[in-house]
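See below for the structure under consideration.
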Amino acid sequence: TETWSDLLGVDISAIDTPGTYDLFSSVAAPEPLNALNYVQIVADSGSGFIYETTSGGIGYQDQDARADYVTANGFVNISKNFILADGINVTTSRNDIINDVRVIYGAAQDVMQVEELDSISQYGRVTESIETFLKNSGDADTLADRLVLLNAYPQPVIQGIQIQIDAPTMSSPLLNSLVGVFFGMPVS
């Protein structure tokens with residue numbers, strides 16, 4: 001069994017530990033996955049994400065990382081005076097709906113299914129099957145519930161937003177925050 005501490009000489013400071021979910025051991029990646037695809041499935045198993053750190057390493061954050069960051073650091077607040085109205089692009093799409101989730105978990109490939117019946121009656125059944133390395137049914141149920149909760153109904157998605165960073169009234173700390181933007185940065 002390998003642990004993060006076994007990664008000799010590798011910086012693991014960007015890896016959230018302990019994780020939110022328990023994963024089962026796997027001797028090898030299911031074929032025909034390469035290492036990146038394998039790591040992505042493992043990250044997705046915990047509703048987390050992998051990313052490249054500023055030093056070129058691999059980072060992982062679990063589903064709670066953003067909420068924890070907001071609690072510790074708050075949001076970067078951007079005044080509406082710096083947002084260019086013609087640069088806002090928001091879409092809402094039926095294609096983003098998932099109202100029937102099947103989470104495949106455990107070494108035996110068991111299935112946990114969660115449905116949102118009101119959404120199904122309104123938009124039709126939209127099923128998503130997600131293969132994970134989750135170990136137990138409780139974690140699979142929690143993940144399936146979360147996925148249905150977040151995806152059963154169309155949500156507006158910001159596709160783009162333009163900010164006037166050369167505005168003479170923009171403060172240096174705000175400008176520095178925008179220049180240092182990172183994946184998952186909480187912005188208000």
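Any value given below was found using the heavy atoms of this structure, including those in side chains, with hydrogens, waters and symmetry copies removed.
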Go through the steps to decide whether Gln61 and Asp68 satisfy the test side-chain contact (heavy atoms from CB on, under 4.5 Å), and finish with yes or no. CA-CA 11 Å; Gln61 290 188 348; Asp68 294 344; over 6 Å; no

For a 4.5 angstrom cut-off between non-hydrogen side-chain atoms, does [X] reach [Y]?
X	Y	answer
Val111	Arg102	yes
Val157	Asp96	yes
Met170	Leu178	yes
Ile97	Pro154	yes

Can you measure from [atom1] ([X]) to [atom2] ([Y]) and round to the nearest 0.5 angstrom?
X	Y	atom1	atom2	value
Tyr21	Asn136	OH	CG	10.5 Å
Thr132	Ile130	OG1	CD1	8.5 Å
Phe82	Gln162	CZ	CD	16.0 Å
Met112	Tyr105	CE	OH	4.5 Å
Ile165	Leu175	CD1	CG	6.0 Å
Ile161	Asn89	CD1	CG	10.5 Å

Apply side-chain contact (heavy atoms from CB on, under 4.5 Å) to the pair Asp100 and Val126, showing each step before the final yes or no. CA-CA 6 Å; Asp100 177 11; Val126 183; over 6 Å; no

Same hydrophobic cluster for [X] and [Y], using side-chain heavy-atom links shorter than 4.5 Å among ILVMFWY?
X	Y	result
Ile78	Val90	yes
Val76	Val181	yes
Leu134	Val114	yes
Val70	Val187	no
Leu143	Val42	yes

Looking only at atom types and distance, does a side-chain atom of [X] sit under 3.5 Å from a main-chain N or O of [Y], one as donor and one as acceptor?
X	Y	value
Ser119	Glu116	no
Asp139	Asp22	yes
Asn99	Gly124	yes
Ser171	Leu174	yes
Gln164	Asp166	no

List the steps, then state whether side chain to side chain donor-acceptor pair (under 3.5 Å) holds for Gln122 with Asp118. CA-CA 6 Å; Gln122 188 171 359; Asp118 289 338; over 6 Å; no

Work out which heavy atom in Ile41 is nearest to a heavy atom in Glu131; give both atom names and the distance.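 It is CG2-O, 3.8 Å.
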
Taking all non-hydrogen atoms of both residues, which atom of Val103 and which atom of Ala144 are closest, and how far apart?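 It is CG2-CB, 3.7 Å.
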
Among Leu150, Asn151, Asp145, side-chain contact (heavy atoms from CB on, under 4.5 Å) partner for Leu147: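 Running side-chain contact (heavy atoms from CB on, under 4.5 Å) over Leu150, Asn151, Asp145 with Leu147 returns exactly one hit, Asn151.
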
Is the Tyr123 ring parallel, tilted or perpendicular to the Tyr153 ring (thresholds 30°, 60°)?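 The rings of Tyr123 and Tyr153 stand perpendicular, inter-plane angle above 60°.
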
Just wondering, more than 12 heavy atoms not from Leu84 lying within 6.0 Å of its CG?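 Enclosed.
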
By ring pair (Phe, Tyr, Trp, His ring centres under 6.0 Å) - contacts of Phe75 (at least two apart):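 With neighbours one apart ignored, the set is empty.
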
